[in-house]
Amino acid sequence: MSVQLKSAEDIEKMRVAGRLAAEVLDFVGPQIVPGITTEEIDRLCHDYMVDVQGTVPAPLNYSPPGYSPFPKSICTSVNHVVCHGIPGPKKLKAGDVVNVDITVIKDGYHGDTSRMFYVGEPSIQARRLCELTYECMWRGIRVVRPGAFLGDIGHTIQTHAEAHGFSVVREFCGHGIGRRFHEEPQVLHYGRPHTGLKLAPGMTFTIEPMINAGKAGIRQLADGWTVVTKDHSLSAQWEHTILVTEDGFEVLTTSVGTPAPPGD
Ligand code: MF3
Ligand code: CO
Ligand code: CO
């Protein structure tokens, strides 16, 4: 399968799904305080999606080739967890940072977005990593326009992260999205300018850099999903779903509570 261009009707449905995914984060963000468990965050999000929005949580029972079905409705990745953290009974404590990754299906279309949340007050280093990762995502987004290359996105993200002494996780990437959760193309968060796929209007994909405070190496836990940093350093991630427009980009996963783009 090659990269499909979305029609005007597809795009309108992607806008709805994207906004709904972002609204789950708006809803749950204020409830992420010391003492809550990631299982409770999952339950809050699940019930909001199913009972309030009428959306389907895409992660629940998602089982790509080689993976067991994902057992929960969202991913919660705390501190040194890079991505795909499975919600569980562990209580969050002040100083933790957690990525909440939401993917909803509405009217057959997916919206996929994640944000970092501070539990109480983060350390200076944790705050720096989260902010820098947010800047990396946005530097990638700002590259998006017809005629730009996927390699341009990866290059700008990698350059910004490494200039600050951080590293880019290589094993996981952004992805095309639409009627399917993960479709072509793969959107690497590292690379060389002017390489890879040339962008065209109607493409929809995610940009979701995972940036480590230490080395880039990762390890997969025995649960088959949870990915952690090999050196146990902190890791952060932000994600938006993006549309390539006639003259640039549109962020599809925006809501009232979406953080403002960085001013850099
Ligand atoms: N939402 C993740 C992404 O951004 C994928 C999670 S797969 C799951 O691509 F099964 F763990 F939910
Ligand atoms: Co994604
Ligand atoms: Co996601």
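Order of listing sets the numbers, starting from 1, for every ligand and every atom in it.
The atom name of the N/O/S atom in Glu208 closest to the Co ion (ligand 2) is OE2. Summary: NE2 is the N/O/S atom of His175 found nearest to the Co ion (ligand 2).
The existence of a salt bridge linking Arg128 and Glu135 is excluded, since no basic side-chain nitrogen approaches an acidic carboxylate oxygen closer than 4.0 Å. Under a 4.0 Å N-O distance rule, the pair Glu239/Arg115 does not qualify as a salt bridge.
Atoms of ligand 1 lying under 4.0 Å from at least one heavy atom of Thr103, given by number and element, are 1 (N). Of all atoms in ligand 1, listed by their number and element, those nearer than 4.0 Å to a heavy atom of Glu208 are 3 (C), 4 (O), 9 (O). Per-residue contacts place His182 under 4.0 angstrom from the following atoms of ligand 1 (heavy atoms of the residue considered): 3 (C), 5 (C), 9 (O). Residue Pro59 has at least one heavy-atom neighbour below 4.0 Å for each of these atoms of ligand 1: 12 (F). Atoms of ligand 1 lying under 4.0 Å from at least one heavy atom of Glu239, given by number and element, are 4 (O).
Neither the backbone nor the side chain of Thr206 comes within 4.0 Å of ligand 1, counting heavy atoms alone. Looking at Ala58 against ligand 1, nothing comes within 4.0 Å, counting heavy atoms.
Cation-pi geometry between Arg142 and Phe249 is not met: the NZ or CZ atom fails to fall both under 6.0 Å from the ring centre and inside 45° of the normal.
In terms of heavy atoms, Gly147 sits closest to Lys198 at O-CG, 3.7 Å.
Given atom 5 (C) of ligand 1, the protein heavy atom at minimum distance is Phe181 CZ, 3.6 Å. Nearest protein neighbour of atom 2 (C) of ligand 1, counting heavy atoms only, is Asp101 OD2, 3.3 Å.
In summary, Asp112 places an N/O/S atom under 2.8 Å from the Co ion (ligand 3), meeting the contact criterion. Distance check for His182 against the Co ion (ligand 2): none of its N/O/S atoms falls below 2.8 Å. At least one N/O/S atom of Glu239, whether from backbone or side chain, sits less than 2.8 Å from the Co ion (ligand 2).
Thr241 OG1 to His110 NE2: the interatomic distance, rounded to the nearest 0.5 Å, is 10.5 Å. Put simply, CZ on Arg19 and OG1 on Thr253 are 12.0 Å apart, with the number rounded to the nearest 0.5 Å. Separating the NZ atom in Lys72 from the CH2 atom in Trp225 is a distance of 14.5 Å, to the nearest 0.5 Å.
No side-chain donor from either of Asp101 and His84 sits under 3.5 Å from a side-chain acceptor of the other. A side-chain donor from one of His182 and Tyr62 sits under 3.5 Å from a side-chain acceptor of the other.
Polar contact with ligand 1: absent for Tyr62 (N/O pair, distance under 3.5 Å).
Ring centroid separation for the pair Phe172 and His189 does not come in under the 6.0 Å cut-off.
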